[in-house]
Structures are given as C-alpha cells and as structure tokens.
Q: 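Structure in structure tokens, see below.
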Amino acid sequence: MATSRVSAALLLLPLSLFACGTSTAGKPLATPESASSTLIPIPTSLVRNRGSLRFDAGTALHASQASSKPAAALFADLVKRSHGFAPGTGMKQSASSIAFEIDPALRGNNDEAYVIDIDAKRALVRARSARGLQHGAVTLWQLATDANGPRSTLPAVRIEDAPRFAWRGAMLDSARHFQSVDEVKRLIDAMVVHKLNVFHWHLTDDQGWRIEIKRYPKLTEVGGCRQPSGDAGTNANGEPVRYCGWYTQAQIRDVVQYAAERNIQIVPEIDIPGHATAIIAAYPELGTTTEPLKPVAEWGVFVNLLNTEDSTMVFMEQVFEELVALFPGRYVHIGGDEAVKDQWIASPRVQAQMKALGLKTEMQMQSRMVARLEKFLAARGKRLVGWDEILEGELPQSATVMSWRGIEGGLQAAGKGHDVVMSPVSHLYLDYLQTESPNEPPGRPTTVTLRKLYDFEPVPDDLAADRRHHILGVQANAWTEHMRTYDRVQHAFFPRMAALAEVGWSTSQTRSYDDFLARLPAQLARYRMLGIAPARTPFEVSIDASAANDGLASVSLSNATGYRDIRYTTDGTEPTATSPRYEAALSLPQTATVHAAVFVDGKPLQSADRFAITPASLLERTDETMKMCTGALKLRLEDDTTVDGERAIFNVDIFNPCWEWVKAPLASTRAVSLRVGRIPYYFQLAHDESHRKFKPASTPHGEAVLKAGCDGPTLATAPLPASPGANGFLELTLPLPAQTGSKDLCVYFTGDTRPAMWVLDRIRLLPH
Ligand code: ACM
C-alpha cells in the first residue's frame, strides 16, 4: 500500500471504496462516504482502505500511558458533545476499539506529528508527543463527524500528518473590548479543534489595561476603565457610564493552565512605547506629555508615548517581571507599533537625552528601549516579539518580527536572520469584514473574504531558500474596536479560522480552495455541535435588483464565498434541492418575493435569505449598496444610542463622507428622500487627521447635499437640524429639478459636526 497525497487519493479511488454503514470490508454500499474527505486542515497524507469501523457508545477507548490520556479525554469530550455519549460506556461492548498511544519510535522530528490507522476492528492514534496525539484526537473526531452530524462509523484509513508551520496563531484584543475568562477559554477550545497552537493576547492599549500587576494597582484601577464615547457614555440619569474590565493574576494563571493543558502557548502583549494612554493615565509620570490623560474611548492612533526616562524603563521591567512569572511560554510581545514620535520630538527632555546618548533619530530611541527589554527578557529565558515597526531601528538578532503592515517587513526581517510571523493586514486581519453584505456587523469594509485568507502564502517567493526557515508561521488578528460582544468575536473568527488552520498546517500542494469549500459544510456542522456560532454572511445569498425597461425587475443572485449552487423560489416557500437553480439574471415582476439559499450536496448551508422586491425598493439604495466617493478610510460603524443593545450600522468613509449611487435612474424622479443617522466621531488619526474633509456649511448646522456625481453640479440641498429624532434618525425630502436619463447621484453633509457626524442610511427616488 503506497501513501499518496490526499488530493491524488481522492482522484484515484473509485467511489465504491467510500462505502459506509457497516464494518463489512469492501462491501459496496449505496451512499458515498464523505467523512475522510471533510478534514480541516487537510492532512499531509491520507490513504483510504476498504471498510469501516463501527463507532458507538460501546466502542472501547484505551489510553494506558499517562501522557496519552489527555488526548483520549479530549476525544471523549468532543464525542460527548457531537454524539451525546462517552465512548466505552455503552451497555453492550461492541467489537470495536480506539487506542491512543505515545510511540517514541515513530519516525520524523516534528513534535506535532501523528499517525492514525483505522481498520474494521480498531482505530489506533499514535504520536511521539502529547501535542501530536492531541492533533490526532481532533482528526479522529473529525472522521466521526460530517455535514450530517455525528457518524456511527469511522472510515478505514491511514493518515500521516504534521504541520507545515510551528506558529499557528490567533490574536485576541482584550483592550478595546473585554472578554470574560469563559469567552477566552471558548476561543482556546476552538483553536484546539483547528490545530492552532499560539494564542497572542493583546492585553494593553490606549483604551484599557487589562492585566493585574500587583506592584502597580492603578494600572487596572485607573487604566482598566473608560467612559464610552457619545450618548452611550451617559446613563438615563445623566451619570457617566464606566466600561471596565481586567483579568486578575489568578484568572490569568487559570487561563494559562487551561491553554497549557491544550498544548496552546499564550504570548502576552504589553504594547510600548505607543498605544500607552491607559498606562499613562494610571501613572502620569511615565508619559511624555504633562497633560492629564484618561483611557480613551475613541479609536485610531494616539500620540501619547511613554517617556524615555530610566525610571520608566525600570517600571516597565517590573511590570514585565510579573508578566513572565505568569506566562511560562517562550515568547513575550512588546508591541512597538504605531508609536508616532510627535511628543518625543516636541520634548526638550527627550531631545536632551537623545543628544547625551548620541542618538540621531527617535526611532533609535525606541530601539534602545526594545534592546533593553530584549536583554531583560532573554535573561529570563524569554524571546521578544514585536510588530514590524521594531525593524526600523537596530534590532537584536534574537527578536522575532510580526509582519503586519504587509509581508515586506517579514521578508526584510527574515533576510536579516530574524524569525518572523506573517500576519499581514491585507489577508489576516479579522476586523476586516468578510463580505459586503448589509448584514455584516461593524468593522472595516475592505473585505478579507474566506478565499483571500485561504489563498495567503506565508513564504514569499522572493525569500532566499536559506532564509525560509525563519518564517515561523502565520497568525490572524482580531482587533476588537468594533466587537463589543463575543458574538462579534465569533463572527470575525469563524469560518475564517478554518481557512487559517489550513494555511498554517497544510502543505501548499494539498491546499485547494474549491476542495476546501466542499469540506467546509462538515466544519459548519461541527461548529453547530460544539456551540460555535460562525458568521452567516459568507453563506448568504446576496441580491442585486433593478428596474428593467420592460417593466420587470432584473434580479441577480450570488454568493460571496464562491458557492455556485444557489436555489430559489418566488412563491414564498423555502427553497429545496429541487427548486430552480440560479443560472443567470432573472426577470421577475416588480412586486415579488425571492427566497434563496446556497446548496451543497443537496442540502442548504443555512436557512434561506428572503428578499421582498417592490416598485419602491427598486428605487432605493442603502449605504451598503452605494459606493464611497473616494474610499480613503472606509469603516462600517454603529451609532451610540445604547451601551449594550442593538444599534444602527453604517458604511462611511470618515475622511470624506460621501455616498454615490452609480447610474441612478433619475428620469422620472420628482424628489429624493433621505434617511440619515448620526454616529459619534470617535477617531484620532494622528498625522492623518488633517486629511479629514469638512465641507463648508452655509446654515448653522450644515446641509444635506445632492450632487450629480461626486464632483458634479449640485442638484438639491436641505438644511440639517441640530440633532436627529428620538430614534436616532432624520428623514428629509429634497425636491429635484427635472432630469433626463441616469446620473451618478452623490450625497454628503456639510459642516464640522464633531463630536458627532451625519451618515446616510437610505436614499429613495420618489417618482412623479
Ligand atoms: C497593528 O495593527 N497596529 C499592529
């Protein structure tokens, strides 16, 4: 029996070998078995053999060594959740058994490798280490589950598997929004079933300090609380609201142990010298500015930097001393990103220190701090990691660079002999939305689709062969400015964590996006079994409907993730596998209801999306279905009407807020109706702030303006009031002079209305 790569095996084996249902070797059955082709991440090598192993509560579970027990326990726990029973507890012992074994004699030198052999009598999972055995347990559980849910057989297979990269990371920002210990553990659990092994925990930022430091209690007492911006910052009695949260050292130890038991290393991050407003708010003597500061409730880049005094470095070392005592892992992250140097440039004290030290640039000053911390950490057996800005100065050789502004930093760092983790904003930032759906939560509308993340290649082609080993791996980052709740964190991570898993684990030869899409429904079923709530948006059907010249509506359906089997109905019923398949734009009456869903293997991926088409809806656009005039800094933002509840969400370019309906059919339009919302202007953009455009107003509170094209002639204006209605919205009707044909219709608001800004919610053309 020769081993072959999975994709080849899938192509070469006849379907009859995919038989399922009994342990009778070789007997062809009617239903093709899919379980072994639903593994995520796809293994290095998988060979299917004839037959299968019965799997039920009577299946015995063996793990005789102490070091093999955790993997068996993990498998049993996952099975409990998917199948509702614990293996080996059935009344009637079945003839099948599963064994987990640490086998030091296994070939290879990858500590995370494992081998699975399944025949009609037993499944054997072997690895040289408990880490490898854990991955084997996850694979075995995946073999026991597919798109239909739990299975009662395991396919006969031999799997030999090992990760491509040693660093397969996920970052959670607990500073911008705070997650409970339980939520952090849920994320760690999810990482386990994706074979990820590094949890990067972003614990401090301008908006909050989230880790108890015994020596400096004000870090959490003062730095751990902020007042939310806008209306949400005040309660019904007019009192300030406090948004607080931090982890006690006991909680941190608990999470560290929880992660260690699951073979996940936690890399804590304390971000210096920038992103430091919360630290400086707590201990003003650490700051460069003499202005009193508070933890901020706005987003963006702030100019507040730690100062460069020796006493400040001693303070930070004392903080890192407590940190290294809490986190036993090898790596400690010191941030280093976006440290805008204005305050150091303006500070006579910092400038005098630089002169005395013979330093010519402020970046050299930052590098000096990094070098000092590197030495401090190295003396404690730790390795320093920092964002790629740390590469701009002299960097100790042992420092690891996390390449976020692109892959160039990583390429350069690896070229210089630094270890690198690839985490580029373009492909691996999870605060970027996954689709353009109007149902996306707030975030950054430049999309990081499943496909974009999946197609990321961590080792750049132009990296020299003898430097490639410096690419330790990949990491996806969930920055939480826009993730107030754990539901939103889940939305950001899933299903993209499945794509990340495959980028980090599987070889580039075994990876194929189409094949991944075919395996993904099984992963979605596993999410359901484990209580993980993935985003719906990647699996939605989206619609584009417009009035056609023939008096009908032209309706296009699509799916952002690339699934092609869309089924629809127009009679109000849920589509089924036998409903019409969408092939090309539909011509429907201008009053119609469309239900549509994506189907894979005859089953809908989720409940159908419903679209009500009316003559009025065909003359309507929302902020999500309009273009931004320039797209300088597009965000998807929510209003501030409640602290915890539902809020309206808007797509807006905060540098140049302006919405464009390309080719709006204006010929028979007598007026335009606008629905307008208002959000807090909660951004600090450091040097970019000056790029923000405020168009001059001619009335006290500014005007709504309609133009023919972003730079075209003005068609209509209407003065704005001081504030919106009680529901947070404003409705305006702007009469339009007679128009011919279609025109690009542009909407913006004049005036500087900070600390709030008007945003477009919906535009509707009113016919004669
Ligand atoms: C970063 O996104 N500022 C690392």
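Start at 1 and go down the list; that is how both ligands and their atoms are numbered. Residue numbers start at 1 and run along the sequence shown. What's counted below: heavy atoms across the whole structure, side chains too, no hydrogens, waters or symmetry copies.
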Q: Show the protein residues that qualify under the rule heavy atom under 4.0 Å from an atom of ligand 1, listing them in chain and number order.
A: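 If the criterion is a heavy atom under 4.0 Å, then ligand 1 touches Asp337, Glu338, Trp387, Trp404, Tyr429, Trp479.
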Q: Would you call the rings of Tyr216 and Tyr283 parallel, tilted or perpendicular, taking 30° and 60° as the class edges?
A: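 Ring orientation of Tyr216 relative to Tyr283: perpendicular.
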Q: Determine whether the side chains of Glu440 and Thr435 contain a donor N or O and an acceptor N or O closer than 3.5 Å.
A: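 Yes, because at least one side-chain N or O of Glu440 sits under 3.5 Å from a partner of the opposite role on Thr435.
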Q: Any salt bridge (charged side-chain N to carboxylate O under 4.0 Å, His left out) involving residues 494-505? Give me the pairs, sequence neighbours left out, ordered by first then second residue.
A: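 Checked against salt bridge (charged side-chain N to carboxylate O under 4.0 Å, His left out) - neighbours excluded - the pairs reaching residues 494-505 are Glu502-Arg519.
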Q: Can you list every side chain to side chain donor-acceptor pair (under 3.5 Å) pair that touches residues 384-394, not counting sequence neighbours?
A: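 Found Glu269-Trp387, Asp388-Arg405, Glu389-Trp404, Glu392-Arg405.
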Q: Are Asp342 and His687 linked by a side-chain donor-acceptor pair shorter than 3.5 Å?
A: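 There is such a pair between these side chains.
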Q: Using the side chain to side chain contact (heavy atoms under 4.5 Å, CB included) criterion, which residues pair with Lys341? Sequence neighbours excluded.
A: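 Residues passing side chain to side chain contact (heavy atoms under 4.5 Å, CB included) with Lys341: Leu305, Ala339, Trp344, Ile345, Glu362, Met363, Gln366.
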